[in-house]
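One structure is given here, and the rest of the page talks about it.
Naming convention: chains lettered A, B, ... in sequence-line order (proteins, then strands); numbering from 1 in each chain.
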Amino acid sequence: MTIAVIKDVLGGNYAVGDTVTVRGWVRTRRDSKAGISFINVHDGSCFDAVQAVVPNNLPNYSAEVVKLTTGCSVIISGQVAESAGQGQAFELQADNVEVVGWVEDPDTYPMAPKRHSMEYLREFAHLRARTNITGAVTRVRHCLAQAVHRFFHERGFYWISTPIITTSDAEGAGELFRVSTLDLMNLPLTDEGRVNFKEDFFGKEAFLTVSGQLNVETYACALSNVYTFGPTFRAENSNTSRHLAEFWMIEPEVAFADLEDVAKLAEEMLKYVFKAVLAERADDMAFFAERIDKEAMNRLQHVIDNDFVHMDYTDAVEILKNCGKTFNYPVEWGTDLQSEHERYLAEEHVGAPVILKNYPRDIKAFYMRQNSDGKTVAAMDVLAPGIGEIIGGSAREERLDLLDRRLEEMQLPKEEYSWYRDLRRYGTVPHAGFGLGFERLVAYVTGVQNIRDVIPFPRSPNNAEF
RNA sequence: UCCCCAGUAGCUCAGUUGGUUAGAGCGGUGGACUGUUAAUCCAUGUGUCGUUGGUUCGAAUCCAACCUGGGGAGCCA
């Protein structure tokens with residue numbers, strides 16, 4: 001018995017006449033009074049389902065085959081044949097249909113063979129993987145993840161597994177999820193009446209990481225070219241279509257590199273993974289172009305074919321001031337750009353991803369490298385049309401005195417960063433890196449509007465089902 | 001967290017300017033027809049009208065609070 005994945009059957013990897021067995025789930029069944037039934041079966045290996053042509057002389061035809069409904073699991077054996085119908089080159093002439101699992105009540109099976117809203121599908125995160133769209137998103141997501149790893153591997157980067165549990169608030173900003181084994185009903189207290197974390201699992205306060213950057217910098221300052229690719233957690237009460245409480249982030253860090261180097265790296269990486277998706281997931285991308293966003297494929301090709309536009313923050317402010325458009329928020333040097341400003345720059349002024357660089361020092365994180373003008377830091381954001389900031393990066397301040405001054409200005413506890421400061425005390429080097437929100441990348445590529453639909457089990461305020 | 005919008009059948013929605021028996025399409029089911037393909041045609045069922053409270057002779061409809069979802073904003077990736 002040759003077990004075949006549907007991708008290989010449809011792709012012509014078997015000869016006509018070969019007997020193969022496919023296993024999967026029924027998408028639709030159509031009966032013909034000519035004495036056959038058509039059963040479309042999907043197994044996740046590709047976008048399309050294979051059509052099994054089932055003759056009515058099979059022993060279980062009337063008892064089982066004609067009772068198959070959407071969602072039933074089956075094992076079907078038969079001969080690969082050129083299809084007499086339209087819509088597929090190959091099909092399966094079935095000579096055995098085994099029903100593995102029935103759908104107990106087709107009327108209440110949530111994944112009915114019809115269009116569902118994304119909001120509805122989200123309520124069935126355990127079943128939505130069976131739909132066309134979630135299947136396609138899942139394959140594209142995988143393709144992107146593989147391409148990211150391949151891209152860095154080919155350039156000599158090492159994948160560093162930075163910790164999920166941390167005991168320092170990496171950027172002194174983000175809201176953190178606490179990790180604790182203390183009994184909430186009976187907390188140990190200090191003499192001052194505070195919670196005594198010395199009795200907690202780690203002997204101190206612990207949290208889920210908001211970024212692997214500070215940790216991965218340590219490895220960049222030894223292995224030169226490194227990156228993280230892992231889950232990240234933010235306890236921010238963000239209720240938007242582009243925020244998750246648990247998301248995946250890719251953070252390369254490069255020793256002896258400056259901002260220009262990592263801006264180039266970001267551009268090359270995006271082009272590399274977009275090429276991979278167009279080459280490897282043409283079936284799924286065609287579906288997104290047809291059903292989600294007409295421009296899904298053109299957008300990627302356009303990014304691949306054109307150089308990214310680089311723009312200084314200072315120049316961007318001038319462009320925004322002189323563009324003749326009235327914004328809800330005023331544009332002024334020294335303040336962070338609002339969504340509407342970023343959107344104008346990426347969507348209208350440039351019409352493609354744009355790299356904004358050299359932001360005012362006072363609105364950026366303590367670790368960003370200060371420019372010689374005394375006003376700005378070597379930071380960049382990659383803004384993508386439709387989704388906004390997709391990448392944020394910077395050169396890191398490698399000069400200890402300047403770093404310490406920033407820690408003091410921002411009133412951050414120096415002791416907490418002793419190991420980070422050590423990197424500047426022992427063989428410091430200029431280095432730079434960036435962070436890419438993986439789900440934002442998947443959303444950008446697929447055209448799916450809500451980030452909650454490009455991760456299998458989204459976590460957001462008030463929602464951690466499944 | 002703030003602003004706006006929505007919650008009616010399994011799903012997507014219409015409707016009800018407060019008044020008897022609540023509507024369509026899709027999906028499901030039954031049948032017809034057919035190498036069909038989200039087929040087509042015919043038939044068919046289904047509702048604490050989000051929750052709680054208030055106003056009223058009477059509330060699914062008006063009001064309030066709450067819950068849930070969506071859009072936008074902030075925070076950011």
Side-chain angles (χ1 to χ4, degrees), chain A residues 27-41 48-55 66-67 69-71 81-88 91 93 103 105-124 131-132 171 173-175 210-213 228 231-251 266 290-291 327-329 336-340 342-343 363-365 381-384 387-393 434-444 449-453 455 460-463 465:
Chain A
R27 184 147 278 154
T28 57
R29 189 199 85 235
R30 292 174 298 279
D31 303 319
S32 166
K33 273 296 177 294
I36 48 177
S37 288
F38 301 95
I39 299 173
N40 279 64
V41 179
D48 290 310
V50 70
Q51 172 168 278
V53 183
V54 186
V66 296
K67 289 178 180 158
T69 58
T70 304
E82 285 181 22
S83 181
Q86 293 191 339
Q88 62 279 318
E91 63 188 14
Q93 293 288 340
V103 166
D105 180 4
D107 199 24
T108 61
Y109 180 56
M111 299 295 107
K114 58 158 285 180
R115 268 191 111 135
H116 292 294
S117 66
M118 298 304 277
E119 295 78 31
Y120 173 78
L121 292 178
R122 215 174 290 147
E123 294 174 41
F124 299 93
T131 62
N132 278 334
E171 306 192 15
E175 294 168 72
V210 296
S211 166
Q213 180 200 317
T228 72
T232 327
F233 308 86
R234 304 270 170 97
E236 287 152 5
N237 192 11
S238 300
N239 292 286
T240 80
S241 56
R242 54 192 187 283
H243 287 87
L244 291 166
E246 176 181 310
F247 64 100
W248 288 62
M249 193 148 63
I250 297 148
E251 297 173 285
E290 182 195 326
R291 286 279 291 275
F327 296 106
N328 292 323
Y329 292 85
D336 217 350
L337 297 181
Q338 303 291 315
S339 286
E340 56 178 348
E342 297 183 344
R343 190 169 290 165
I363 59 171
K364 288 294 182 180
D381 281 351
V382 179
L383 309 177
I387 200 151
E389 183 180 346
I390 195 168
I391 287 177
F434 63 80
L436 164 70
F438 186 54
E439 282 73 21
R440 288 187 181 174
L441 179 70
V442 180
Y444 180 74
Q449 296 283 312
N450 196 312
I451 200 168
R452 296 171 192 188
D453 300 318
I455 188 168
S460 54
N462 267 315
N463 187 4
E465 293 303 306

Please enumerate all protein N or O atoms sitting under 3.5 Å from an N or O of nucleotides 22-33 of chain B, with distances to 0.1 Å.
from: B:C26; atom 1: O2; to: A:Lys114; atom 2: NZ; distance (Å): 3.2
from: B:G27; atom 1: N2; to: A:Asp107; atom 2: OD1; distance (Å): 3.1

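In this entry the distance linking CG of A:Leu121 with P of B:U12 reads 9 Å, nearest Å. Atom NZ in A:Lys364 sits about 12 Å away from atom C1' in B:C75, given to the nearest Å. A:Arg343 has its CZ atom 12 Å from the P atom of B:G71, to the nearest Å. Remark: P of B:G69 and CD of A:Glu465 are 10 Å apart, rounded to the nearest angstrom. Atoms CZ (A:Phe247) and C1' (B:C75) sit 12 Å apart, rounded to a whole Å. In this structure, the CG atom of A:Asn328 is 9 Å from the P atom of B:A73, given to the nearest Å. Separating the CG atom of A:Asp336 from the P atom of B:C76 is a distance of 7 Å, rounded to the nearest angstrom. Here B:A38 presents its P atom at 13 Å from CZ of A:Phe38, a figure rounded to the nearest Å.
For the P atoms, the distance linking B:A9 with B:C57 amounts to 31 Å, nearest Å. Separation of the C1' atoms belonging to B:U36 and B:U44 is 24 Å when rounded to the nearest angstrom. Across the P atoms, B:C76 and B:U8 are found 37 Å apart, a figure rounded to whole Å. Remark: the separation of the P atoms in B:A59 and B:U21 is 13 Å, to the nearest Å. Between B:U16 and B:C49, the distance separating the two C1' atoms is 10 Å to the nearest Å. B:U61 and B:U20 have their P atoms separated by 14 Å, given to the nearest Å. Taking atom C1' in both B:A22 and B:A60, the straight-line distance is 9 Å, to the nearest Å. Rounded to the nearest Å, the gap between the P atom of B:G10 and that of B:G53 is 24 Å.
Listed for the A:Arg27 side chain is no donor-acceptor partner under 3.5 Å among the backbone atoms of A:Thr70. Side chain of A:Glu91 to main chain of A:Val50: no donor-acceptor pair is present (N/O by atom type, distance under 3.5 Å, no hydrogens or angles).
Taking the nucleotide of RNA chain B with the nearest heavy atom to each of A:Glu439 and A:Asn462, the more 5' of the two is matched to A:Asn462.
For the pair A:Arg242 and B:G71, the criterion of a side-chain N or O lying under 4.0 Å from OP1 or OP2 is not met. In terms of phosphate contacts, A:Arg452 brings a side-chain nitrogen or oxygen within less than 4.0 Å of OP1 or OP2 of B:G70. Remark: A:Gln338 is in phosphate contact with B:G74, judged by side-chain N or O atoms under 4.0 Å from OP1 or OP2. Dashed line: the shortest gap from a side-chain N or O of A:Asn450 to OP1 or OP2 of B:G71 is under 4.0 Å. Distances shorter than 4.0 Å separate none of the side-chain N or O atoms of A:Arg122 from OP1 or OP2 on B:C11. Between B:G72 and A:Ser241, a contact under 4.0 Å exists linking OP1 or OP2 to a side-chain N or O.
Smallest separation of non-hydrogen atoms from A:Thr232 and A:Trp248: OG1-C, 4.4 Å. Of all heavy-atom pairs between A:Val103 and A:Gly71, the closest is CG2-C, 3.5 Å.
Across all strands shown, A:Tyr120 has heavy atoms under 4.0 Å from sugar-phosphate atoms exclusively, and none from any base. Residue-level contact check: A:Gln51 touches the bases, meaning some heavy atom is under 4.0 Å from a base atom. Nucleic acid contact class of A:Ser339 (heavy atoms, under 4.0 Å, all strands): sugar-phosphate only. Counting any heavy atom pair closer than 4.0 Å across all strands shown, A:Ile390 reaches sugar-phosphate atoms only and no base atom. Contact annotation for A:His116: backbone-only contact, meaning every heavy-atom pair under 4.0 Å involves sugar-phosphate atoms and none involves a base. If you check every strand for non-hydrogen atoms under 4.0 Å, A:Tyr329 touches sugar and phosphate atoms only. Among the atoms of the strands shown, none is found under 4.0 Å from any heavy atom of A:Glu246. Using a 4.0 Å heavy-atom cutoff across all strands shown, A:Gly85 reaches at least one base atom of the nucleic acid.
Remark: A:Arg115 engages no residue in a side-chain hydrogen bond (donor to acceptor under 3.5 Å, both in side chains) (not counting sequence neighbours). With sequence neighbours excluded, the residues forming a side chain to side chain contact (heavy atoms under 4.5 Å, CB included) with A:Ser117 are A:Glu119, A:Tyr120, listed by chain and number. A:Glu465 is linked by a side chain to side chain contact (heavy atoms under 4.5 Å, CB included) to A:Asn463, counting only residues two or more places apart in sequence or in another chain. In this view, A:Thr240 and A:His243 satisfy the side-chain hydrogen bond (donor to acceptor under 3.5 Å, both in side chains) rule, not counting sequence neighbours.
The OG1 atom of A:Thr228 sits 8.0 Å away from atom CD1 of A:Ile250, with the distance rounded to the nearest 0.5 Å. One finds the CG atom of A:Asp31 at 3.5 Å from the OG atom of A:Ser37 (value rounded to the nearest 0.5 Å).
A donor-acceptor pair shorter than 3.5 Å can be found between the side chains of A:Glu251 and A:Ser211. With 3.5 Å as the limit, one finds a donor-acceptor pair spanning the side chains of A:Arg30 and A:Asn40.
Of all nucleotides listed (B:C11, B:U36, B:C76), B:U36 comes nearest to the side chain of A:Gln88. The side chain of A:Arg291 approaches B:A38 more closely than any other nucleotide in the set B:A38, B:U1, B:C76.
Side-chain atoms of A:Glu340 stay outside donor-acceptor range of the base of B:G74, with no qualifying N/O pair under 3.5 Å. If you check distances only, the side chain of A:Ser238 does reach the base of B:C75 with a donor-acceptor pair under 3.5 Å. The base of B:G35 is paired with the side chain of A:Glu91 by a donor and an acceptor separated by under 3.5 Å.
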Give RNA chain B the dot-bracket treatment, 5' to 3': Watson-Crick (N1-N3 with N6-O4 or O6-N4) or G-U (N1-O2, O6-N3) under 3.5 Å, [ ] crossing, | other strand.
(((((((..((((.....[...)))).(((((.......))))).....(((((..]....))))))))))))....

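Within 6.0 Å of CD on A:Gln449 lie no more than 12 heavy atoms contributed by other residues, nucleotides or ligands.
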